[in-house]
Structure formats: structure tokens, C-alpha cells
**Q** 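To start, I am sharing the structure in question, which I have written as C-alpha cells.
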Amino acid sequence: MENVAHSARLLKWYDVHARPLPWRVAPNSNRRADPYHVWLSEIMLQQTVVKTVIPYFETFLQNWPTVHDLADCALEDVLKRWAGLGYYARARNLHACARMVVERYGGVFPTSEKELLALPGIGPYTAAAIRAIAFDQPASVVDGNVERVVARLYALKKPLRDIKVLIRQKAARLTPAKRPGDYAQAMMDLGATVCTPKSPACDRCPVRENCAARQQGCAAALPVRAPKKAKPLRTGTAFLVVRDDGAVLLRQRPAKGLLAKMLEVPATPWCRKPEDGDCFGAPVEASAPVETNWQCVPGFVTHSFTHFDLRLEVRTGRVGQEQPLLHQAFPERCRWVPRRRLAGEALPGVMRKIISYGLGEPL
DNA sequence: CACCCGTGGTC
DNA sequence: TGACCAAGGGT
């Protein structure tokens, strides 16, 4: 394929169809996007769709207009603002990266691939995106969209995991020296709006003449993904304790692992075996954070994580102001949170489900 | 390298 | 409605 024709057609399409996004400058613009904005948006966009990211991006910029502001704030505040977005390691790395950029580089993002890759939360994709979009360097940006577009352009029919290197080579060869930032965003916009996973709109595609998969009629079937494994079910019981003044008992999760450093509703361990009333041989009551008259809420809260499904029973309990916490509840990590403050806390989506389910009202 | 790591948009 | 899976990185 003629690479020049490909990039020329794509850029011409992008000039017309580029979506205005908060972190994006207009195509063919003389200005470059702010590296802080590009970095922040790219971290948020990892495995997350544009529509979901936009309000979070606006909130972050409003609270922390510069990387200095973000570096100066407490991690806890970042986690609060990140709550609901998922993959919370991104938030911890974001904060660490901001501090590193300020300490090592005086708040100015480095431009070399080596230096960018050394920053927490920045991998091959994000480093290339920052170089291309913020610094106008001809870096080859390969994300899930580009993998799909390239697999179709060349009708690559082997399993995706076996041809990742080949796709990177093809993608690098397609990347133009001019307007690399616009080109990168054009490829990703194309994948997100035209060359979509299930039913690609080939009749609207600016590079349909170059697409081998379209000629063969197999575009929708590419790329070939490995079959997914079934998710195991984990079960447990959550204890929603409401104090007489309406405050709810929450607990900070451990520093590593699932939902690290986020707040949680105290609960039993989440067990592999869906056997009610028993977990590792211990009774459910052994995980209760207080002694009270527990009330079972009918039904379950269900939630699907990346690698397992969760089904939780919820029990509610009312306690007085002077109720002592039980030893098993890790009291050093427990906090009473006023009802009105709940929505702004670092509560993951699953915990918000549990609380609103147990309270019988939205947060 | 395989696995861990969230959530909700999308059809 | 449920299944797919997204602008990936860390270990």
C-alpha cells in the first residue's frame, strides 16, 4: 500500500471529522496541545471510552490547573476525584508521575521516549501519544483502535496476540513525518467511530480503497481475539453500619491489590465458593465490625470485575455514638463518614452500589 | 508472558 | 439484555 496516500486520505478526513475534545486542539492548528492536558487525558483514556473520561478530565483540570497543583495535593484527594473511573493504579501512578515531573523536570514534561517510559503509569502507548500529540514528534501510536485498523487494512487473520509485533511494524511504516499528532488521533478516531469492532462503517471510511479486509469482506471478523475465560463467582457479606447521626462506617483498603487504598464497606472476605453463611470455615459474624442487631437486606448486590463476578449480601445495623469497633474490623483503617460526605469520598463503583442498596436511596 | 487491575458505553 | 471490550501498564 502507498503509505503517503493512506495518511493523506486519513488526515483529510480528520480535518473535517475531528471531534472537538477538551484536551484536543483543532486539526491543522498552529498551536500544540498542552502536554499536561495530553498526559492527563491519555492516562484517563487507558481502557476507558471518551464519553466517560470527559467529565473526569474537566473536574481534574478545574481542581488542578497545572501539574504543579496536582503534585502538591494529597493522594487521597486524587483518589476521591478518580472514584468511579476504575483501574485505580492509574490514579496512584498519576499522582506519583506529577510529583516526579515537578521534582525531576521542574514541571516540564520530558520529550524523549526513554524519559517518558521511566515515569509511572506511562508505557509504550502513552509515551508515543504524548510525543506525537504534545510534541509533534513522528512517534508511532498503537492502541487497540490502531491494532484493529491495521489488522483490517492488511487483512491479518492470525490471532492478535501472535501478530502484535507485525502490527507495530505496519503501523510505524504508515506513520507520516508531518502532522504525527493529528495522524495518531485520526487513526484512533477512525477506530472509535468508523472502523468499529462489530459492524464497521466501511462505506464511510476514508481509507476503504486501501483496506484488504474490506475487499475480502472479512473486516468485521478482524482482529481475531483469543476466546475469553469464564469469570468465577465470588460471594460475601457486606456490613453497612449507620450511626445514630447518619454517619456510615467505612474502611480504607490495603495499599496493594484490588481497589488499593480506596474506601470500602466492611465485609467478609470475597470467597470463591458461593456457599452462603460460611467463608474459610469462619462464620459471617466474625467479620462484623460492630455488635448490633443486623438486618439482612433482601436480594444481592452484584458487580462484575475484570476477572471475577461478585455477589454480595448486605446487612445493615444501627449503632449509637459510643459503639466500640470490634478487633476484626481493623479499627485503625476505619472512619465514620457523615451521610452528606459519602458522595465525595474515594468510594469505588461497587462500594457505591452497596451503600445505596443498603440505605435504600441513591448516594 | 500471563495475569492482575474497574467500569460502563455500546449494540 | 447480556456480552463484548475500551486511547494499557505493572509485575
Side-chain angles (χ1 to χ4, degrees), chain A residues 18-19 21-24 33 37-57 79 82-94 96-97 116-134 139-149 160-162 164-165 168 171 181 183-193 195-201 220-221 223-232 234 253-254 256-262 264 302-310 346-353:
Chain A
R19 294 174 290 174
L21 298 174
W23 50 85
R24 176 179 280 182
H37 298 185
V38 174
W39 164 71
L40 178 60
S41 66
E42 290 300 340
I43 301 299
M44 288 182 166
L45 286 163
Q46 288 169 6
Q47 299 289 288
T48 310
V49 295
V50 166
K51 183 177 181 181
T52 302
V53 164
I54 288 175
Y56 283 88
F57 178 83
L79 294 179
W82 198 275
L85 198 52
Y87 284 140
Y88 298 99
R90 292 186 295 171
R92 289 178 264 121
N93 286 330
L94 184 85
C97 183
L116 287 168
L117 287 176
L119 294 170
I122 297 182
Y125 161 77
T126 305
I130 292 172
R131 291 174 60 207
I133 300 170
S140 178
V141 178
V142 181
D143 72 332
N145 288 307
V146 175
E147 285 181 344
R148 182 170 59 254
V149 171
L160 182 57
R161 67 166 194 284
D162 296 335
K164 294 243 180 194
V165 173
R168 276 202 295 274
Y183 173 80
Q185 294 176 93
M187 283 287 274
M188 294 189 284
D189 268 21
L190 185 74
T193 64
C195 195
T196 54
K198 291 188 177 180
S199 56
V224 176
R225 296 182 179 277
K228 325 186 158 62
K229 290 182 285 187
K231 289 181 184 178
R234 297 189 191 179
R253 291 176 61 85
K256 294 186 177 182
L258 186 71
L259 308 175
K261 294 187 178 180
M262 301 295 284
E264 67 176 352
T302 61
H303 193 77
S304 186
F305 290 97
T306 308
H307 55 294
F308 67 91
D309 290 323
L310 181 65
L347 286 163
V350 62
M351 299 302 162
R352 290 168 190 265
K353 273 190 200 177

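Quick note on labels: first sequence line is chain A, next is B, and so on, each numbered from 1.
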**Q** Looking across every strand, which nucleic acid part, if any, lies under 4.0 Å from A:R19 by heavy atom: base, sugar-phosphate, or nothing?
**A**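 Base, at least one base atom sits under 4.0 Å.
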**Q** Closer to the 5' end of DNA chain B via nearest nucleotide, is it A:K229 or A:M351?
**A** A:K229
**Q** What's the verdict on side-chain contact (heavy atoms from CB on, under 4.5 Å) for A:M188 and A:L45, showing C-alpha distance, side-chain angles and the deciding distance?
**A** CA-CA 11 Å; A:M188 294 189 284; A:L45 286 163; over 6 Å; no
**Q** Suppose you measure atom P in B:dG8 against the same atom in C:dG9; what distance do you get, rounded to whole Å?
**A**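 About 22 Å, rounded to a whole number of Å.
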**Q** Between the side chains of A:R90 and A:T48, does any donor sit under 3.5 Å from an acceptor?
**A** yes
**Q** Under 4.0 Å, heavy atom to any atom of DNA chain C: which of residues 82-90 of chain A qualify?
**A** none
**Q** Minimum heavy-atom separation for A:G121 to A:T126, with atom names?
**A**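 Scanning both residues, the minimum pair turns out to be O-OG1, 4.5 Å.
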**Q** Of the non-hydrogen atoms in A:R92 and A:G257, which two are nearest, and what is the gap between them?
**A** NH2-O, 4.5 Å
**Q** Could you say whether A:L119 or A:S41 is positioned toward the 5' end of DNA chain C, judged by the nucleotide with the nearest heavy atom to each?
**A**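 Taking each residue's closest nucleotide, the earlier one in sequence belongs to A:S41.
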**Q** Check every nucleotide of DNA chain C for an atom under 4.0 Å from a heavy-atom of chain A, then give the first and the last such nucleotide from 5' to 3'.
**A** C:dC4 to C:dG10
**Q** Please report the shortest heavy-atom distance between A:P348 and A:M262, naming the atom on each side.
**A** CG-CB, 3.7 Å
**Q** Look at all strands and tell whether A:A192 reaches a base, only sugar-phosphate, or nothing, counting heavy atoms closer than 4.0 Å.
**A**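 Sugar-phosphate, no base atom in range.
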**Q** Rounding to an integer number of angstrom, what distance separates B:dC3 and C:dA7 when you compare their P atoms?
**A** 24 Å
**Q** Looking at A:T196, A:V149, A:V146, which hits side chain to side chain contact (heavy atoms under 4.5 Å, CB included) with A:L190?
**A** A:V149
**Q** Using a cut-off of 4.0 Å on non-hydrogen atoms, how would the nucleic acid contact of A:S304 be classed: base, sugar-phosphate, or nothing?
**A**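 Base, at least one base heavy atom under 4.0 Å.
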**Q** Decide side-chain contact (heavy atoms from CB on, under 4.5 Å) for A:T302 and A:D309; before the verdict, give the C-alpha distance in whole Å, the side-chain angles of both, and the deciding distance to 0.1 Å.
**A** CA-CA 7 Å; A:T302 61; A:D309 290 323; over 6 Å; no
**Q** First and last nucleotide of DNA chain B touching chain A, 5' to 3', heavy-atom cut-off 4.0 Å?
**A**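 First and last nucleotides in contact are B:dC3 to B:dT10.
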**Q** Run the numbers on A:T306 and A:K231 for side-chain contact (heavy atoms from CB on, under 4.5 Å), then give the verdict.
**A** CA-CA 8 Å; A:T306 308; A:K231 289 181 184 178; 6.0 Å; no
**Q** So A:L21, base contact, sugar-phosphate only, or nothing? Heavy-atom distance under 4.0 Å.
**A** base
**Q** Is it the case that A:Q46 and A:Y125 place a side-chain donor and acceptor less than 3.5 Å from each other?
**A**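 Note: A:Q46 and A:Y125 side chains miss the donor-acceptor criterion.
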**Q** Hey, does A:K256 reach any base, or is it just sugar-phosphate, or nothing, if we go heavy atoms under 4.0 Å?
**A** nothing
**Q** Over all strands shown, is A:V350 touching base, sugar-phosphate only, or nothing at heavy-atom distances under 4.0 angstrom?
**A** sugar-phosphate
**Q** Regarding A:T52, tell me which of base, sugar-phosphate or nothing describes its non-hydrogen contacts under 4.0 Å with the strands shown.
**A** sugar-phosphate
**Q** Rounding to an integer number of angstrom, what distance separates C:dG8 and B:dT10 when you compare their P atoms?
**A** 15 Å
**Q** Walk me through it: do A:W39 and A:L119 pass the test side-chain contact (heavy atoms from CB on, under 4.5 Å)?
**A** CA-CA 11 Å; A:W39 164 71; A:L119 294 170; over 6 Å; no
**Q** Give a yes or no on whether the backbone of A:A83 and the side-chain of A:Y56 come within a donor-acceptor separation of less than 3.5 Å.
**A**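 Pair found, side chain donor or acceptor close to backbone of A:A83.
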**Q** Between A:K198 and A:L347, who's closer to the 5' end of DNA chain B by nearest nucleotide?
**A** A:L347
**Q** What nucleic acid atoms does A:R148 come within less than 4.0 Å of, heavy atoms only: base, sugar-phosphate, or nothing?
**A** sugar-phosphate
**Q** Centroid-to-centroid, A:F305 to A:H303, below 6.0 Å?
**A** yes
